[in-house]
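As structure tokens, the structure follows; a few thoughts come after it.
Scope of the values below: all heavy atoms of this structure, side chains included, with no hydrogens, waters or symmetry mates. For reference, positions follow the sequence shown, starting with 1.
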Amino acid sequence: MKIIVFGATGNTGKRVLAQGLQMGHEMTAFVRNAEKLYEQLGEHSAKQVKVIADDIMDPVSVGEALAHQDAAIIAAGHAGQGEEFVRIIDNIISQCEFQPSFSGRVWIMGGAGLLDIPYTDLIGNNLPGFPPEYKNHNRNFQRLQQTTLDWSIMCPGTMTDSREYPDPVHLHVTTETLPVPIPETIKEYSEADIAGHLFSRLQELNVAYDDVAKCMLDHLEFGGAFKRKRVGLAYRSSIAAR
């Protein structure tokens, strides 16, 4: 496939790029700093990547970069950037809509706080105590719901450089809801108590950047199981998963 990665020098983007090359995809990197990308990739891999160094807020540049791509993985920006982060996502999604030769498959990054909490009508980002900047993910989710594109939102917890769990582990993947067991009694909790319960279990949502990247790359088919879905990830021991 032809895949473009926005934010290809970031922790997630650089792993998507490297794994995509290993899988034999035709990879394009949209970055601010080409030199940083070349340093990360190394000489051999750099020759295999089409690099576009431009302004991610420039609609024309983004639109041209999307031409003839099969999929876009948007790993640029972060919630702490506030309004700028929302504008980055909106600009790329808008150009995905406007570019007639773009196939229309899109992944963006969210966070576990964007997922539904079982037995409730709540998401973590709206609970007391959650960082207010996380609501920028809510805004990006709302933007996607307005488009006809084939999109998915990756919603991991804290991402780490490597797995912190001993092998064997099983990557448990969910759509829409948190990927860890939640007691049904949570529906009787106050919102503050629900938040406290989730905070006490944050470590269960830790997942490696490499596994996040692989999950997105493994699900790039048009109209697949994750179409227009929020996707959660967590580890479970392989023994428990049987």
Side-chain angles (χ1 to χ4, degrees), residues 10-12 15 74-75 77-82 85-86 89 107-145 151-216 218-219 225-242:
N11 282 318
T12 304
R15 289 167 169 88
I74 307 171
H78 57 84
Q81 289 175 287
F85 178 50
V86 175
I89 300 303
W107 274 98
I108 78 165
M109 298 299 299
L114 197 58
L115 295 166
D116 293 337
I117 302 167
Y119 310 112
T120 78
D121 57 0
L122 301 168
I123 65 171
N125 287 350
N126 294 340
L127 291 173
F130 272 67
E133 59 266 25
Y134 285 7
K135 290 190 177 180
N136 292 313
H137 290 306
N138 300 12
R139 295 172 65 189
N140 291 338
F141 179 37
Q142 290 165 1
R143 172 65 180 89
L144 286 180
Q145 290 174 305
W151 55 263
S152 303
I153 306 181
M154 176 56 66
C155 300
T158 299
M159 291 183 283
T160 61
D161 286 334
S162 61
R163 286 182 182 164
E164 297 177 344
Y165 300 88
D167 284 333
V169 294
H170 165 73
L171 188 64
H172 178 57
V173 184
T174 58
T175 56
E176 311 294 8
T177 64
L178 285 168
V180 294
I182 299 292
E184 187 173 355
T185 52
I186 202 166
K187 64 187 178 184
E188 301 167 9
Y189 294 8
S190 68
E191 290 192 5
D193 286 342
I194 292 173
H197 179 81
L198 296 181
F199 285 136
S200 73
R201 300 181 62 186
L202 286 179
Q203 191 171 357
E204 295 177 52
L205 292 165
N206 290 359
V207 62
Y209 285 107
D210 281 324
D211 287 326
V212 170
K214 185 176 187 301
C215 185
M216 291 190 286
D218 283 346
H219 295 89
F226 296 158
K227 180 179 180 179
R228 302 182 71 85
K229 301 288 187 182
R230 292 162 287 162
V231 178
L233 303 175
Y235 296 125
R236 292 185 183 175
S237 75
S238 295
I239 295 172
R242 291 187 188 127

Does the plane of the ring in His172 sit parallel, tilted or perpendicular to the ring in His170? Use 30° and 60° as the thresholds.
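Rings of His172 and His170: tilted, as their planes differ by 30° to 60°.
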List the atom of [X], the atom of [Y], and the distance in Å for their closest heavy-atom pair.
X: Pro156; Y: Val207; answer: CB-CG1, 3.6 Å
X: Gly82; Y: Asn136; answer: CA-ND2, 3.4 Å
X: Ala195; Y: Pro128; answer: CB-O, 3.3 Å
X: Gly111; Y: Cys155; answer: O-CB, 3.2 Å
X: His197; Y: Pro183; answer: NE2-CD, 3.8 Å
X: Pro118; Y: Ile182; answer: CD-CG1, 3.8 Å

Within a strict 4.5 Å, meaning less than it, do heavy atoms of the [X] and [Y] side chains meet?
X: Phe85; Y: Asn140; answer: yes
X: Tyr235; Y: Leu171; answer: yes
X: Ile123; Y: Arg230; answer: yes
X: Thr12; Y: Met216; answer: yes
X: Val86; Y: Arg143; answer: no
X: Trp151; Y: Gln145; answer: yes
X: Asn138; Y: Asn126; answer: yes
X: Phe141; Y: His137; answer: no

With side-chain contact (heavy atoms from CB on, under 4.5 Å) as the test, would you mind laying out the steps for Met109 and Met159 before giving the verdict?
CA-CA 12 Å; Met109 298 299 299; Met159 291 183 283; 4.0 Å; yes
At what distance, to the nearest 0.5 angstrom, does [atom1] of [X] lie from [atom2] of [Y]?
X: Leu115; Y: Thr175; atom1: CG; atom2: OG1; result: 9.5 Å
X: Leu233; Y: Thr174; atom1: CG; atom2: OG1; result: 7.5 Å
X: Lys187; Y: Ile117; atom1: NZ; atom2: CD1; result: 15.0 Å
X: Leu122; Y: Ile194; atom1: CG; atom2: CD1; result: 5.0 Å
X: Ile153; Y: Leu144; atom1: CD1; atom2: CG; result: 5.0 Å
X: Asp116; Y: Glu176; atom1: CG; atom2: CD; result: 6.5 Å

Between His219 and Ser152, is the side-chain contact (heavy atoms from CB on, under 4.5 Å) condition met? List the steps.
CA-CA 9 Å; His219 295 89; Ser152 303; over 6 Å; no
Report the C-alpha separation of Arg15 and Asp161 in whole Å, then their side-chain angles, then the decisive distance to 0.1 Å, and conclude whether the salt bridge (Lys or Arg N to Asp or Glu O under 4.0 Å) test is met.
CA-CA 10 Å; Arg15 289 167 169 88; Asp161 286 334; 3.3 Å; yes
